[in-house]
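The structure appears below as structure tokens.
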Amino acid sequence: MQARVARAEKLASLGQLAAGVAHEINNPLTSILLNAHLVLESRPPGDPAAEKVRLIAEETARCSRIVKGLLEFARQAPPERSPVDLNDLLERTAALLAGQAGESGIRIESRLDRSLPLLDLDPAQVQQVLWNLVLNACEAMPAGGTVTIESRRSADGLAAEVVVLDTGVGIPPENLGRVFDPFFTTKKAGTGLGLAVSYGLVEQHGGSIEVQSEAGRGSTFTIKWPLTDGGSR
Ligand SMILES: Nc1ncnc2c1ncn2[C@@H]1O[C@H](COP(=O)(O)OP(=O)(O)O)[C@@H](O)[C@H]1O
Ligand SMILES: [Mg+2]
């Protein structure tokens, strides 16, 4: 509980700071990127300076991604709730990522409980969370594998659960407590904001998100939303 409160406070204060900084940095970054591309285009083929400008453009693009992530993170728009079919969102996310995943030798499998009731959630925000989880799962399997997306009722029947499971590299025990921290990343081009944003969005909906993992074997992320109305459809 204490850890939860500490995390919520950390997210809130960081969010405010992030919003301010991100807004200020966004415009100059766009300008740097644009000009780097202009210089790049004006260089003759094989110009040794071009490689350096390309690096400038690449790293600037990375900064842009971080800033974009920060803005998403800081937006903290209150959820616009409407009745949502979780299975529908899961299928849409799988369809959006299936092509890209297939190219990397990754199969996306779905196990959906069709009897789940509609939930009062913000579909765009939930979609963003699912997208982050499935993308992470794919990124954890550089040599291919399977992402399993599951919807189900919790064992006690009081919650709807979404599970995203992969057969990827897994998370070593010393990192398990850090993956939801803003800016924690082990990826070369990562922002470390996907899970922090997802954590905030799920909490905003009164849900919870948990991770289990074994290094070398894969990871399982489980989201839970309470079923308040007893689940009639
Ligand atoms: N499915 C997964 N398998 C293994 N590691 C993961 C998985 N999802 C997240 N992680 C770890 O958590 C870190 C943070 O994830 P995230 O917040 O999405 O940021 P990013 O993807 O930009 O690194 C990742 O860099 C990775 O180390
Ligand atoms: Mg990510």
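Whatever order the structure lists them in is the order used to number ligands and atoms, beginning at 1. This structure is a prediction, so every number in the text was calculated from the model and none was measured.
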Discussion item. With a 4.0 Å cut-off on heavy atoms, is Gly168 in contact with ligand 1?
Written reply: no
Response to the item:
Numbered in order shown, the ligand 1 atoms found under 4.0 Å of a heavy atom of Gly190 are 22 (O)
Worksheet item: Looking at atom 19 (O) of ligand 1, what's its closest protein heavy atom, distance included?
Response: Gly192 CA, 3.2 Å
Worksheet item: At a 4.0 Å threshold, what atoms of ligand 1 neighbour a non-hydrogen atom of Thr191?
Response: 22 (O)
Item to complete: Measure the distance from atom 18 (O) of ligand 1 to every protein heavy atom, then report the residue, atom name and distance (to 0.1 Å) of the closest one.
Response: Asn136 ND2, 2.8 Å
Worksheet item: Is there any N or O on Gly194 that sits under 3.5 Å from an N or O of ligand 1?
Response: yes
Worksheet item: Are the side chain of Ser110 and the backbone of Leu112 linked by a donor-acceptor contact shorter than 3.5 Å?
Response: no
Discussion item. As an exercise, identify every atom of ligand 1 less than 4.0 angstrom from a heavy atom of Ala140.
Written reply: 2 (C), 3 (N), 4 (C)
Discussion item. What protein heavy atom lies closest to atom 14 (C) of ligand 1? Include the residue and the distance to one decimal.
Written reply: Phe184 O, 3.2 Å
Discussion item. So if I count the atoms of ligand 1 from 1 in the order they appear, which ones are less than 4.0 Å from some heavy atom of Ala137?
Written reply: 1 (N)
Discussion item. Before you tell me yes or no, could you show the steps for Ile171 and Val211 under side chain to side chain contact (heavy atoms under 4.5 Å, CB included), namely the whole-Å CA-CA distance, both residues' side-chain angles and the distance that decides it to 0.1 Å?
Written reply: CA-CA 9 Å; Ile171 303 165; Val211 59; 4.0 Å; yes
Worksheet item: Are any of the heavy atoms in Asn132 under 4.0 Å away from ligand 1?
Response: no
Worksheet entry | Protein heavy atom at shortest distance from atom 26 (C) of ligand 1 | Thr186 OG1, 3.4 Å
Worksheet item: What are the atoms of ligand 1, with element, lying closer than 4.0 Å to any heavy atom of Asp166?
Response: 1 (N), 2 (C), 3 (N)
Item to complete: Given side chain to side chain donor-acceptor pair (under 3.5 Å), test Ser151 with Asp113 step by step and report yes or no.
Response: CA-CA 6 Å; Ser151 68; Asp113 177 350; over 6 Å; no
Worksheet item: Are side-chain heavy atoms of Ser64 and Thr30 found at a separation under 4.5 Å?
Response: no
Worksheet item: Which residue owns the protein heavy atom closest to atom 17 (O) of ligand 1, what's the atom, and how far is it?
Response: Leu195 N, 2.8 Å
Worksheet item: Do Thr93 and Gln127 have a side chain donor and acceptor closer than 3.5 Å?
Response: yes
Discussion item. I need the Arg92 CZ to Asp85 CG distance, nearest 0.5 Å.
Written reply: 9.0 Å
Worksheet item: Between the main-chain N or O of Gln125 and the side-chain N or O of Asp122, is there a donor-acceptor pair closer than 3.5 Å?
Response: yes
Practice prompt. May I ask you to identify the nearest protein heavy atom to atom 23 (O) of ligand 1, giving residue, atom name and distance to one decimal place in Å?
Written response: Thr185 OG1, 2.6 Å
Discussion item. Salt bridge or not between Arg114 and Glu91? Use side-chain N to carboxylate O under 4.0 Å.
Written reply: yes
Worksheet item: Just one of Thr148, Ile149, Leu90 clears the side-chain contact (heavy atoms from CB on, under 4.5 Å) bar with Arg111, so which one?
Response: Thr148
Item to complete: Could you check Phe183 against Leu193 for side chain to side chain contact (heavy atoms under 4.5 Å, CB included), going step by step and ending with a plain yes or no?
Response: CA-CA 6 Å; Phe183 304 114; Leu193 286 169; 4.1 Å; yes
Practice prompt. Could you walk me through whether Leu227 and Arg153 pass side chain to side chain contact (heavy atoms under 4.5 Å, CB included), step by step?
Written response: CA-CA 9 Å; Leu227 288 170; Arg153 234 168 244 266; 3.7 Å; yes
Practice prompt. May I ask which of Lys188, Met141, Arg65, Lys187 has a heavy atom nearer to atom 24 (C) of ligand 1 than the others do?
Written response: Lys187
Discussion item. Looking only at protein heavy atoms, which one is nearest to atom 12 (O) of ligand 1, and what is the separation?
Written reply: Val179 CG1, 3.4 Å
Worksheet item: Of all the heavy atoms in Phe180, does at least one lie under 4.0 Å from an atom in ligand 1?
Response: no
Worksheet item: So do the side chains of Ile209 and Phe180 get within less than 4.5 Å of each other, counting heavy atoms only?
Response: yes
Item to complete: Flag Asn136 as yes if one of its N/O/S atoms falls below 2.8 Å of the Mg ion (ligand 2), otherwise no.
Response: yes
Worksheet item: Side chain, backbone, both or neither: which part of Leu193 has a heavy atom under 4.0 Å from ligand 1?
Response: backbone
Discussion item. Is the contact between Ile171 and ligand 1 made by the side chain, the backbone, both, or neither, using heavy atoms and a 4.0 Å cut-off?
Written reply: side chain
